[in-house]
Amino acid sequence: MTRSARVPVLLLVEDSDDDAYFFQRTLKRLGKPHEVKWLQDGRTAVNFLQRLQTGAAADFERPDLIFLDLKLPNFTGFDVLEWLNDNQSDLRVPIVVLSGSDHPGDIARATALHAERYLIKPITSRQLEGVLTDYGPGDPLPGSP
């Protein structure tokens with residue numbers, strides 16, 4: 001199967017069962033198949049991404065897109081963003097922050113840590129579809145040659 005024909009892989013890092021349910025339900029309603037790996041805290045996300053980097057997570061493909069909540073147990077979303085900035089040389093994956101916070105400081109910090117998008121919860125199906133269209137599998141990342 002070619003890269004363009006495969007099902008896009010999404011990593012959702014979200015501690016709220018309700019938010020994860022609505023995210024996945026919205027994906028289903030959009031009618032576009034996606035494989036979703038759901039992790040519920042920042043430390044688990046960092047451990048998973050480390051395993052991907054080393055090839056130890058052979059049971060899951062590198063995600064095409066990461067959706068990241070900021071208010072997570074253990075490591076916050078900001079901690080995950082900082083880790084990704086320090087260690088993402090092999091993983092280069094676009095990151096979309098999903099947050100209940102519309103505080104300008106949070107938005108500025110996430111942007112400074114290279115989040116591609118910052119969406120304020122609850123997100124709409126139109127917002128999610130826009131992100132999936134902009135960062136579909138095989139699409140170049142902004143700023144890539």
Side-chain angles (χ1 to χ4, degrees), residues 1-28 30 32-101 103-123 125 127-145:
M1 187 180 289
T2 65
R3 174 135 169 97
S4 61
R6 74 174 179 77
V7 174
V9 176
L10 308 177
L11 176 60
L12 174 62
V13 185
E14 171 62 67
D15 63 318
S16 165
D17 292 344
D18 290 338
D19 286 345
Y21 169 78
F22 286 115
F23 178 89
Q24 293 187 62
R25 188 179 83 175
T26 301
L27 275 177
K28 186 176 181 178
L30 289 173
K32 297 179 181 180
H34 290 83
E35 181 178 349
V36 178
K37 172 81 171 173
W38 175 33
L39 303 175
Q40 294 181 285
D41 70 74
R43 179 169 293 153
T44 302
V46 167
N47 290 340
F48 174 75
L49 293 166
Q50 286 174 324
R51 289 178 51 232
L52 275 179
Q53 266 190 325
T54 62
D59 58 328
F60 195 79
E61 289 187 60
R62 183 186 71 83
D64 296 294
L65 195 52
I66 298 171
F67 289 89
L68 178 66
D69 185 20
L70 291 181
K71 292 187 171 88
L72 296 167
N74 299 317
F75 291 169
T76 69
F78 288 121
D79 294 330
V80 175
L81 283 169
E82 289 171 1
W83 183 89
L84 282 165
N85 275 290
D86 292 341
N87 298 282
Q88 199 182 34
S89 60
D90 297 333
L91 288 176
R92 222 177 121 108
V93 178
I95 303 154
V96 176
V97 168
L98 304 175
S99 179
S101 170
H103 190 276
D106 289 342
I107 296 168
R109 185 174 176 198
T111 302
L113 290 168
H114 307 289
E116 301 290 338
R117 295 268 178 93
Y118 189 104
L119 301 178
I120 299 168
K121 296 181 203 176
I123 63 169
S125 58
Q127 288 174 307
L128 184 55
E129 185 172 33
V131 168
L132 296 174
T133 298
D134 290 348
Y135 300 106
D139 291 344
L141 296 174
S144 296

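Only a predicted model underlies this, so the values are computations on that prediction, with no experimental measurement involved.
Across all their heavy atoms, Leu98 and Lys121 have their closest contact at O-CE, 3.5 Å. Among all heavy-atom pairs drawn from Glu14 and Trp38, the shortest one is O-NE1, 2.7 Å. In plain terms, the two heavy atoms of Tyr118 and Ser101 that are nearest each other are OH-O, 2.8 Å. Scanning both residues, Asp15 and Lys71, for their nearest heavy atoms gives OD1-O, 3.3 Å. Of all the heavy atoms in Pro63 and Leu10, the pair that sits closest is CB-C, 4.5 Å. The shortest non-hydrogen separation linking Leu72 to Gln40 is CD2-O, 4.4 Å.
Side-chain atoms of His103 come within 3.5 Å of backbone atoms of Gly105 as a donor-acceptor pair (strictly under, hydrogens ignored). Judged purely by atom type and a 3.5 angstrom limit, Asp69 has no side-chain atom pairing as donor or acceptor with the backbone of Val13. The backbone N or O of Pro8 lies less than 3.5 Å from no partner atom in the side chain of Asp64, so there is not a single donor-acceptor pair.
Under the 4.5 Å side-chain criterion, counting only non-hydrogen atoms from C-beta, Val97 is in contact with Leu81. The shortest distance between side-chain heavy atoms of Leu84 and Leu113 does not fall below 4.5 Å. A heavy-atom distance below 4.5 Å is not found between the side chains of Leu12 and Asp19. The closest side-chain heavy-atom distance from Asp134 to Glu116 is not below 4.5 Å.
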Could you please spell out the steps behind the side-chain contact (heavy atoms from CB on, under 4.5 Å) verdict for Asn74 and Asp79? CA-CA 9 Å; Asn74 299 317; Asp79 294 330; over 6 Å; no
CA sep, side-chain torsions, deciding dist, call: Asp106, Phe78, side-chain contact (heavy atoms from CB on, under 4.5 Å): CA-CA 9 Å; Asp106 289 342; Phe78 288 121; 3.9 Å; yes
side-chain contact (heavy atoms from CB on, under 4.5 Å) between Ile123 and Val131: does it pass, once the steps are laid out? CA-CA 11 Å; Ile123 63 169; Val131 168; over 6 Å; no
Which is it for Val80 and Ile66 under the side-chain contact (heavy atoms from CB on, under 4.5 Å) test, yes or no, and what are the steps along the way? CA-CA 11 Å; Val80 175; Ile66 298 171; over 6 Å; no
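Interatomic distance, Glu61 CD to Lys37 NZ, rounded to the nearest 0.5 Å: 13.0 Å. For the atom pair CG of Leu11 and CD of Glu35, the computed distance is 11.0 Å after rounding to the nearest 0.5 Å. Atom-to-atom distance recorded for Leu128:CG and Leu119:CG is 8.5 Å, nearest 0.5 angstrom. Atom-to-atom distance recorded for Phe22:CZ and Leu27:CG is 14.0 Å, nearest 0.5 angstrom. For the atom pair CD (Gln53) and CD (Gln50), the distance works out to 7.5 Å, reported to the nearest 0.5 Å. Note: Phe23 CZ to Ser16 OG = 13.0 Å, rounded to the nearest 0.5 Å.
For the pair Arg109 and Glu82, the salt-bridge criterion is met [side-chain N within less than 4.0 Å of a carboxylate O].
Of the options Leu39, Val46, Asn47, a side-chain contact (heavy atoms from CB on, under 4.5 Å) to Arg43 is made by Asn47 and by none of the others.
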